[in-house]
Amino acid sequence: MPEGNEVHRWAARHNAAFAGRRLNVLPGPNHRFSDAHLVDGKKLREVHAVGKHLGYEFGDDLYLHIHLGRFGDFTEGCGPLPEPKGALRAILQRAGSGKPARSVKGQPHNLTCAKDDGTQPFPPEDVDWCELRGPTDCSVYSKEKWQALLDRLGPDPLAHEPGDHDNPQRAFDAILKSKKPIAELLMDQQIISGIGNIYRAELLFRHRLNPFTPGEAMDLKTLKAIWKDSIPLLKAGMVDRRIVCTKRADRPSKQEPAPRGEEHYVYRRHGKPCFLCGEKILRRDLAGRTLYWCPNDQHTTAAENKTAYAHGTSLRANREAAKPGAAGRKRASALMED
DNA sequence: GCCTTATGCTCAC
DNA sequence: TGAGCCTAAGGCT
């Protein structure tokens, strides 16, 4: 369930564990990874990460493309493979490994993958295999197809190789030309790659921005500040498998690390008081995803606040209510009576 | 056990 | 713009 920070972390770990080695690449028991045989037994050259996409380069024009989507996740282990389960999609395993089995579901890590920072079950050098579950995509690309994907993606705040993906100017230009709200533009992977629903909500709050501001009404200085802020925020993103966006001084507890419930300013805090001003956090659907914001600190208008979901009703009921026409309202009222 | 929700994306209309 | 797909966890009955 990653945003760009976690995808880059997997790339770093899998490079350390698997790059330069021959791998067994196996489909799960549900036959949904029909390309496995194309890369099985081949040597992995390098793992690439751009935005939320992973590319396992096996040479010979073969890139295993993995996109975790909302639900995808890896499990890592050492030694013999565990019993396969139904939802499993793919396994990457060092050819010829055979240590005692240890496994752990995606664990807390920082992007740096420090070996001895206390957050690792074991260092990536000791990882013999990984299992993949629930990805949106797991298929083999040609180099041309991989490159076409890269060309389509906007700059990535976590890009570490000089080139297009580390140059934000393209993103700034696209935003300043658009009439769409900034909250929608920040989620658009063709504009900026790697930002997801948590970071967009939290970045907008950290810069006290009205999420409904049209891109063309933004100013370049603010866009540069958001970009600059996003880099350390994404890098430091994972603490105990949580994305933490609050500054220590802003947390009610003033504690470090952030206690549960104090990781985010607005994300999934609807109905709760803003840490800074006490106003209730609002939420609504925007382009198919839930947007969270503080009406006071983010200077939204009364009309904009009126579009927020009613408290105490389900997301589904609110989505139905937002649909035009009497039928939608009827469905919504039926749901709300539950 | 059912319902809801979730860090995402693609395709058809 | 809406439907569909992917999986797991938590809250509720």
Side-chain angles (χ1 to χ4, degrees), chain A residues 1-10 28-33 49-54 65-75 84-90 105-106 108-109 111 131-139 145 148-149 152-154 156-158 180 183-184 186-204 230 233-234 237-245 260-261 263-271 283-292 309 312-320 322-325 327-328 331-332 334-336 338:
Chain A
M1 304 183 283
E3 298 193 26
N5 60 318
E6 197 168 0
V7 168
H8 281 260
R9 178 176 62 78
W10 285 123
N30 46 10
H31 309 294
R32 301 195 58 180
F33 178 26
V50 179
K52 301 171 187 170
H53 296 259
L54 288 161
H65 172 253
I66 293 177
H67 193 292
L68 294 170
R70 249 194 300 190
F71 310 125
D73 204 0
F74 287 105
T75 303
K85 294 174 196 163
L88 183 63
R89 181 68 64 87
K105 191 171 162 57
H109 305 297
L111 186 66
E131 290 181 336
L132 173 64
R133 285 165 196 278
T136 288
D137 188 45
C138 174
S139 63
K145 191 174 177 186
L149 167 67
R152 211 167 60 230
L153 293 171
D156 176 353
L158 290 180
K180 289 183 182 173
E184 195 176 328
L186 284 180
M187 290 274 283
D188 185 338
Q189 302 299 299
Q190 296 188 46
I191 292 179
I192 296 181
S193 61
I195 304 271
N197 203 18
I198 298 178
Y199 283 115
R200 76 100 173 245
E202 296 293 294
L203 282 166
L204 289 169
S230 74
L233 204 61
L234 272 108
M238 297 298 285
V239 180
D240 297 334
R241 206 158 168 75
R242 298 175 299 160
I243 290 175
V244 176
C245 296
R260 299 267 161 197
E263 305 96 323
H264 308 135
Y265 289 103
V266 292
Y267 178 74
R268 293 196 78 177
R269 294 199 63 250
H270 53 285
R283 68 169 172 170
R284 61 163 282 189
D285 200 88
L286 184 72
R289 307 300 298 282
T290 307
L291 171 72
Y292 303 83
Y309 290 156
T313 57
S314 73
L315 262 176
R316 193 158 65 101
N318 279 295
R319 282 185 182 147
E320 293 289 352
K323 287 180 184 173
R331 282 193 300 274
L335 285 163
M336 288 177 190
D338 288 346

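No experiment lies behind these values; they were computed from the predicted model shown. Order of the sequence lines sets the chain letters (A, B, ...), proteins ahead of strands, with each chain counted from 1. These values consider heavy atoms only, across backbone and side chains, with no hydrogens, waters or symmetry-generated copies.
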Any side-chain heavy atom of A:Asn5 sitting closer than 4.5 Å to one from A:Tyr199? yes
Would you please confirm or rule out a distance under 4.0 Å between OP1 or OP2 of [N] and any side-chain N or O of [X]?
X: A:Tyr267; N: B:dT7; value: yes
X: A:Arg70; N: C:dT7; value: no
X: A:Thr290; N: B:dA6; value: yes
X: A:Arg289; N: B:dT7; value: yes
X: A:Arg283; N: B:dT5; value: no
X: A:Lys52; N: B:dC9; value: yes

Just jot down the side-chain hydrogen bond (donor to acceptor under 3.5 Å, both in side chains) partners of [X], sequence neighbours excluded, or say none.
X: A:His67; result: none
X: A:Asn197; result: A:Arg200
X: A:Glu263; result: A:Arg242
X: A:Tyr265; result: A:Asp250

Using atom P in both nucleotides, what's the gap between B:dT5 and C:dT13 to the nearest angstrom? 15 Å
Euclidean distance for P, B:dT4 against C:dA3 (whole angstrom): 16 Å
Checking all strands, does A:Tyr292 fall into the base, sugar-phosphate, or nothing category for heavy-atom contacts under 4.0 angstrom? sugar-phosphate
Give me the distances for all protein-to-nucleotides 11-13 of chain B N/O pairs that come in under 3.5 Å?
none

Euclidean distance, atom [atom1] of residue [X] to atom [atom2] of [N] [Å, nearest integer]:
X: A:Ile66; N: B:dT7; atom1: CD1; atom2: C1'; result: 18 Å
X: A:Arg268; N: B:dA6; atom1: CZ; atom2: P; result: 5 Å
X: A:Asp137; N: C:dT7; atom1: CG; atom2: P; result: 13 Å
X: A:Leu204; N: B:dT7; atom1: CG; atom2: P; result: 15 Å
X: A:Asn197; N: B:dT5; atom1: CG; atom2: P; result: 14 Å
X: A:Leu88; N: C:dC6; atom1: CG; atom2: P; result: 15 Å
X: A:Glu131; N: C:dC6; atom1: CD; atom2: P; result: 19 Å
X: A:Asp285; N: C:dT1; atom1: CG; atom2: C1'; result: 11 Å

Which atoms form the tightest heavy-atom contact between A:Asn30 and A:Arg89, and what is the distance? OD1-CA, 4.5 Å
Contact summary for A:Glu3 and A:Gly196, nearest pair of heavy atoms: OE1-N, 2.6 Å
Residues passing the salt bridge (charged side-chain N to carboxylate O under 4.0 Å, His left out) test with A:Glu131, sequence neighbours excluded, are A:Arg133
Any chance you could encode DNA chain C as dot-bracket? Rule is Watson-Crick or G-U wobble with both distances under 3.5 Å; [ ] for pairs crossing earlier ones, | for another strand. |||||.||||||.
Which class fits the ring pair A:Tyr292 and A:Tyr267: parallel under 30°, tilted 30 to 60°, perpendicular over 60°? perpendicular
Taken in chain and number order and not counting sequence neighbours, the residues that satisfy side-chain contact (heavy atoms from CB on, under 4.5 Å) with A:Glu184 are A:Lys180, A:Pro181, A:Leu286, A:Ala287
For the side chain of [X], counting heavy atoms from C-beta on, which of [options] is nearest?
X: A:Arg133; options: B:dT7, B:dC9, C:dA8; result: C:dA8
X: A:Phe71; options: C:dA8, B:dG8, C:dC6; result: C:dC6
X: A:Arg152; options: C:dC6, B:dT10, B:dG8; result: B:dT10

